[in-house]
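Throughout, protein chains are lettered first and strands after them, A, B, ... in sequence-line order, and every chain is numbered starting at 1.
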Amino acid sequence: GEDVEQSLFLSVREGDSSVINCTYTDSSSTYLYWYKQEPGAGLQLLTYIFSNMDMKQDQRLTVLLNKKDKHLSLRIADTQTGDSAIYFCAVSKAAGNKLTFGGGTRVLVKP
Amino acid sequence: DVKVTQSSRYLVKRTGEKVFLECVQDMDHENMFWYRQDPGLGLRLIYFSYDVKMKEKGDIPEGYSVSREKKERFSLILESASTNQTSMYLCASSLTGRTTEAFFGQGTRLTVV
């Protein structure tokens with residue numbers, strides 16, 4: 001089945017850029033998502049990209065997709081302490097369908 | 001505002017008990033999902049449902065069952081709770097054919113002792 005991998009931990013200084021990476025195995029994954037989970041909370045969608053796109057920018061967030069390498073990244077510009085959370089990469093073959101998640105990357109923002 | 005509500009935030013149950021986790025959504029979504037979240041493993045799909053009275057196994061269905069008698073409600077059942085089912089359980093719902101997200105509940109942290 002589908003496998004989605006992420007690094008476990010990222011430490012970054014406030015004001016710097018953060019880059020979270022994700023790889024997936026199934027080339028038929030059509031919708032690719034980034035979710036954020038703050039302590040004690042459920043998951044909140046940050047952004048998503050379709051497999052026919054290379055890049056999507058949304059305010060401080062930039063998503064890059066390398067479909068050939070099955071590599072997805074999320075860049076957060078000007079990282080703030082409020083960005084400290086767990087970030088999950090998730091993929092789906094159809095809109096609204098079941099998601100396959102990576103293990104999550106815990107981002108710690110240091111002042 | 002879409003709301004997915006899970007009946008309990010925290011539960012402590014004894015080994016062998018039958019456990020019910022309830023999830024209700026208020027936006028008439030066709031699709032509902034149960035995931036469990038464990039550190040380093042992310043979220044893993046237990047069961048899902050694309051319609052009332054319909055259910056499909058996810059990646060880790062063993063030891064679980066589900067019920068969907070009404071469109072807005074999706075219940076996860078642990079037939080005989082075991083300590084390895086201690087976890088965070090997350091319910092989600094979504095619309096078919098929409099490109100945006102699945103909406104998640106706040107989660108139920110279940111401890112089996």
Minimum side-chain heavy-atom gap [X]-[Y] below 4.5 Å:
{"X": "B:Ser93", "Y": "B:Met27", "value": "no"}
{"X": "B:Val19", "Y": "B:Gln85", "value": "no"}
{"X": "A:Lys98", "Y": "B:Asn31", "value": "no"}
{"X": "A:Leu61", "Y": "A:Ile76", "value": "yes"}
{"X": "A:Leu99", "Y": "B:Leu45", "value": "no"}

Problem - Structural part of B:Arg44 lying under 4.5 Å from a heavy atom of chain A - result: neither
I need the contact set between [range] and chain A: heavy-atom distance under 4.5 Å, sorted by residue number.
{"range": "residues 105-113 of chain B", "value": "B:Gly105, B:Gln106"}
{"range": "residues 36-43 of chain B", "value": "B:Gln37, B:Gly40, B:Leu41, B:Gly42, B:Leu43"}
{"range": "residues 47-61 of chain B", "value": "B:Phe48, B:Tyr50"}

Problem - Heavy-atom proximity to chain B below 4.5 Å, by part of A:Gln44 - result: neither
Could you list the donor-acceptor pairs under 3.5 angstrom formed by side chains in residues 6-15 of chain A, with sequence neighbours left out?
residue, atom, partner, partner atom, Å
A:Gln6, OE1, A:Cys89, N, 3.0
A:Gln6, OE1, A:Gly104, N, 3.2
A:Gln6, NE2, A:Tyr87, O, 2.8
A:Gln6, NE2, A:Thr105, OG1, 3.1

Handout entry: Residue among A:Ile20, A:Asn21, A:Ile49 satisfying side-chain contact (heavy atoms from CB on, under 4.5 Å) with A:Leu72
Key =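 Running side-chain contact (heavy atoms from CB on, under 4.5 Å) over A:Ile20, A:Asn21, A:Ile49 with A:Leu72 returns exactly one hit, A:Ile49.
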Practice task
Can you label the angle between the B:Phe104 ring and the B:Tyr35 ring as parallel, tilted or perpendicular, going by 30° and 60°?
Solution key: tilted
Practice task
For the pair A:Phe101 and A:Phe88, name the ring-plane relationship: parallel under 30°, tilted 30 to 60°, perpendicular over 60°.
Solution key: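 Rings of A:Phe101 and A:Phe88: perpendicular, as their planes differ by over 60°.
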Handout entry: Spacing of NE2 belonging to A:His71 relative to OG1 belonging to A:Thr23, to within rounding of 0.5 Å
Key =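 Here the interatomic distance stands at 7.0 Å.
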Handout entry: Derivation of the side chain to side chain contact (heavy atoms under 4.5 Å, CB included) call for A:Leu65 and A:Asp54
Key = CA-CA 5 Å; A:Leu65 175 62; A:Asp54 297 325; 5.8 Å; no
